[in-house]
Every structure is written in structure tokens, then in C-alpha cells.
Amino acid sequence: MEFISTLKAKNELLFIFGLVNFIFASLFVLLSQATSIEVLGTNAWYKPLKFALSIGIFSWTIAWFMSYLPQDKSIQIMSWLIVLMLGFEILYIGIQAGRGQLSHYNLSTPIYGGLYVLMAFAATVVSFITLVLAIRFFQVPLPELPDYYIWSIRAGLILFFIFSLEGFVMGANLSHTIGASSSGKVIPFLNWSREYGDPRVAHFVGMHALQVLPIASCYILKDIRLTFGLVILYTLMAVYVLIQALYGHPFLKS
């Protein structure tokens, strides 16, 4: 595919890392069907599967965006940081799934507690990389790109940064849900609660602005005013589902 070869040429490191995560995702799908390991009543392999897919998509998206910027040493440093930080996360989440143990919010031993803190640190590093890239997209002239596309990238990076830090809301609560310690009835696979507030919905919506806004702007809207309108509506939607969760209301009621 032309897209694959182009992406590899743009940033080979992040291309390979993303590909490895997609391979992991395929492996996790097979394991979810072949084993009966569960964590909190849910197939243990669903969580690493979702993370592997998310990390793979994120890596390829960032690789594409980075290619528009001057290819100085900072791009190499940020690329390696993404690989090291998120590589640690997916390996630890996968190992814990295989052991039938929690990865997030696991403070049952000092070692698990320390590894959980390291995961939070890794996620924070990657979040701030997206902020740095957003700033770079404001600083670097890119006359070869349409203005609506540039603004969609800027908005996507900023929303990703804001809603990735929302993970601290769940971390402080030591739970994915608000209003109860367990999710109760959930949406299949996504595991979002259908009984209580679940900040993961806003986390998902806000972070995937990184893909939704540029794709919609570049291939559908192709207009600066329509792009700004989409950014406003998308932001309002992300804020709404966050407020909904904070008040303890489910995204979809059971």
C-alpha cells in the first residue's frame, strides 16, 4: 500500500512501533478467544487489546504529523520517548493480563504500586510531547498545507493533551467509575459503565480528536470555517460526556 510505504518513509521508528502494536493486538484477540482469564469479571485480554490498538493508531498519527515539521534532533528524541514510554505500558499491561492481575489502580504490593506510578509517568511524558508538537505547529510556517488542515492538527493535538491528562481524574479516584467502586453493567468490549459515571468516555472522545478532526477537515470539510465549527462541536461533546461522568451519570443507561 502506498500509505504504508509513505508512512514508513516519514518516521520509520514510529512506523515499526505502531506495526508491532497492531501485531500485539492480533495476538491479544487470539488469546481472548483461547483463554478464559478474567480481571474484574471481564476477559483479561480486552484491556491490552484496546491499548495496543490505541497506541498503534497514535504512533502512526504522530509519525505523520511529525513529518510536516523540521526534522531536527528533537523529533528523534520525542519519537524515542514515545516508543520507550508506551512500550513499557503495553508490555506491563499485557503481562498483568496474562497473570490475571490488574495493571491500573493496583496498589496491592509496593512493586505493583511503583509500576502503576511509572505508568502514570509514562503517559504524562507522552501527553506533554503532544503539547510540544501543538506549540511547534503554531511556530513553524507550513505554507504547503491548507490552513484548515493545519488548524485541525493544532486542535487535535491540544484536545488530546487536555483529555489525556483526564486520566488523573480516574487515577485519583483509583477507579474507572464515579458513583460506585465497580462498573456494574457495561457496554460490551469497551467496558464503559451503563450504571455509573465513566470518565473513560471523555478520555476516548477527547484523545481521538487527534484523528477525527484532521481526517474530517482534510477529506470532507475542506474549509476553515467548517473546520472551526467542527472543533467547537467536538469539544462541546467531549466536555459534555466528561461532565456527565463527573455527575455520576452513565454514557448509555442500562
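If you're wondering where the values come from, they're calculated on a predicted model, not measured in any experiment.
No cation-pi contact links K222 to Y148, judged by a cut-off of 6.0 Å to the six-membered ring centre and 45° from its axis. Under a cutoff of 6.0 Å and an axis angle of 45°, K50 and F204 do not form a cation-pi pair. In this structure, R194 fails the cation-pi test against F251, since its NZ or CZ atom is not both closer than 6.0 Å to the six-membered ring centre and inside 45 degrees of the ring normal.
Put simply, CG on L213 and CD1 on I153 are 10.5 Å apart, with the number rounded to the nearest 0.5 Å. Put simply, CD1 on I75 and CH2 on W80 are 15.5 Å apart, with the number rounded to the nearest 0.5 Å. Interatomic distance, N43 CG to E38 CD, rounded to the nearest 0.5 Å: 7.0 Å. Note that CG of N11 and CZ of F15 are 11.0 Å apart. Values are rounded to the nearest 0.5 Å. Rounded to the nearest 0.5 Å, atoms CE (M78) and CG (L14) are 10.0 Å apart. Once rounded to the nearest 0.5 Å, the distance linking CE of M66 with OG1 of T61 reads 11.5 Å.
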Let me see the working for Y234 and V231 under side chain to side chain contact (heavy atoms under 4.5 Å, CB included), right down to the final yes or no.
CA-CA 5 Å; Y234 197 92; V231 169; 5.9 Å; no
Test side chain to side chain contact (heavy atoms under 4.5 Å, CB included) on L107 and Y112; report intermediate values, then the result.
CA-CA 6 Å; L107 305 178; Y112 286 155; over 6 Å; no
Assess whether side-chain hydrogen bond (donor to acceptor under 3.5 Å, both in side chains) is satisfied between Y68 and Y149, documenting all intermediate values.
CA-CA 12 Å; Y68 297 131; Y149 182 47; 2.9 Å; yes
Between L133 and F160, does a side chain to side chain contact (heavy atoms under 4.5 Å, CB included) hold up when you go through it step by step?
CA-CA 11 Å; L133 290 174; F160 180 97; over 6 Å; no
Run the side chain to side chain contact (heavy atoms under 4.5 Å, CB included) test on I220 and L226 for me, step by step, so that the C-alpha distance in whole Å, both residues' side-chain angles and the decisive distance to 0.1 Å come before the verdict.
CA-CA 10 Å; I220 301 173; L226 292 176; over 6 Å; no
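Contact check for P199 versus H176: no side-chain heavy atoms found under the 4.5 Å cut-off. Looking only at side-chain heavy atoms (C-beta outward), V140 and P70 come within less than 4.5 Å of each other. You'll find the side chain of H203 reaches within 4.5 Å of the side chain of M170, heavy atoms only. Put simply, the side chain of Q139 reaches to within 4.5 Å of the side chain of I135, judged on heavy atoms. By the 4.5 Å heavy-atom criterion applied to side chains, I178 and Y247 are not counted as neighbours. Side-chain atoms of Q76 and Q71, non-hydrogen and from C-beta on, never get closer than 4.5 Å to each other. Side-chain contact between L157 and I62: present, with at least one pair of heavy atoms (C-beta onward) separated by less than 4.5 Å. Contact annotation: the side chain of F58 approaches that of L210 to within less than 4.5 Å [non-hydrogen atoms, C-beta and beyond].
Atom CD of E144 sits in a crowded spot, with more than 12 heavy atoms from other residues, nucleotides or ligands closer than 6.0 Å. The 12-atom threshold is exceeded at CG of L233, counting heavy atoms of other residues, nucleotides or ligands nearer than 6.0 Å.
The shortest non-hydrogen separation linking I37 to G100 is CG2-CA, 3.7 Å. Among all heavy-atom pairs drawn from S59 and I82, the shortest one is OG-CG2, 4.4 Å. K10 approaches A63 most closely through the heavy-atom pair CB-O, 4.2 Å. Heavy atoms only, all atoms of each residue included: G94 and P48 are closest at CA-CB, 4.1 Å. Closest non-hydrogen pair, V239 versus F163, comes out as N-CZ, 4.1 Å. M85 approaches F121 most closely through the heavy-atom pair SD-CE2, 4.2 Å.
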Atom pairs and distances, donor-acceptor, side-chain atoms in residues 19-31, under 3.5 Å, two or more places apart:
from, atom 1, to, atom 2, distance (Å)
N21, ND2, F17, O, 2.9
S26, OG, F22, O, 3.2

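The aromatic rings of F3 and W64 sit parallel to each other, their planes meeting at less than 30°, with 60° as the upper class boundary. Ring geometry for F138 versus W151: interplanar angle over 60°, hence perpendicular rather than tilted (30 to 60°).
Cluster membership check: L91 shares its hydrophobic cluster with L86, using side-chain heavy-atom separations under 4.5 Å among Ile, Leu, Val, Met, Phe, Trp and Tyr. The hydrophobic cluster containing V117 does not contain V126, counting ILVMFWY residues as joined when their side-chain heavy atoms lie under 4.5 angstrom apart, directly or transitively. Hydrophobic clustering of Ile, Leu, Val, Met, Phe, Trp and Tyr side chains at less than 4.5 Å, counting indirect connections, unites L145 with L230. Cluster membership for I111 and M119, using ILVMFWY side-chain heavy atoms within less than 4.5 angstrom, is shared. In the hydrophobic cluster analysis, where Ile, Leu, Val, Met, Phe, Trp and Tyr join through side-chain heavy atoms closer than 4.5 angstrom, L242 is grouped apart from L236.
Applying side-chain contact (heavy atoms from CB on, under 4.5 Å) to W192 and the options V241, D198, L252 leaves one that passes, D198.
Checked by atom type, the side-chain pair W45/T35 shows a donor-acceptor distance below 3.5 Å. With no hydrogens or angles considered, no side-chain donor-acceptor pair links S193 and R200 at under 3.5 Å.
Counting only distance, with no hydrogens or angles, the side chain of Q244 and the backbone of P250 share a donor-acceptor pair below 3.5 Å. Although no hydrogens or angles enter the test, the distance criterion places no donor-acceptor pair under 3.5 Å between the side chain of Q101 and the main chain of Q96. Side chain of Y240 to backbone of A202: no donor-acceptor contact under 3.5 angstrom is found.
Salt-bridge check for R154 with D147: failed, with every basic side-chain N at 4.0 Å or more from each acidic carboxylate O.
Grouping Ile, Leu, Val, Met, Phe, Trp and Tyr residues whose side-chain heavy atoms lie under 4.5 Å apart, directly or via other members, places L40 in a hydrophobic cluster with V39, L102.
Ring centroid separation for the pair F51 and H104 comes in under the 6.0 Å cut-off.
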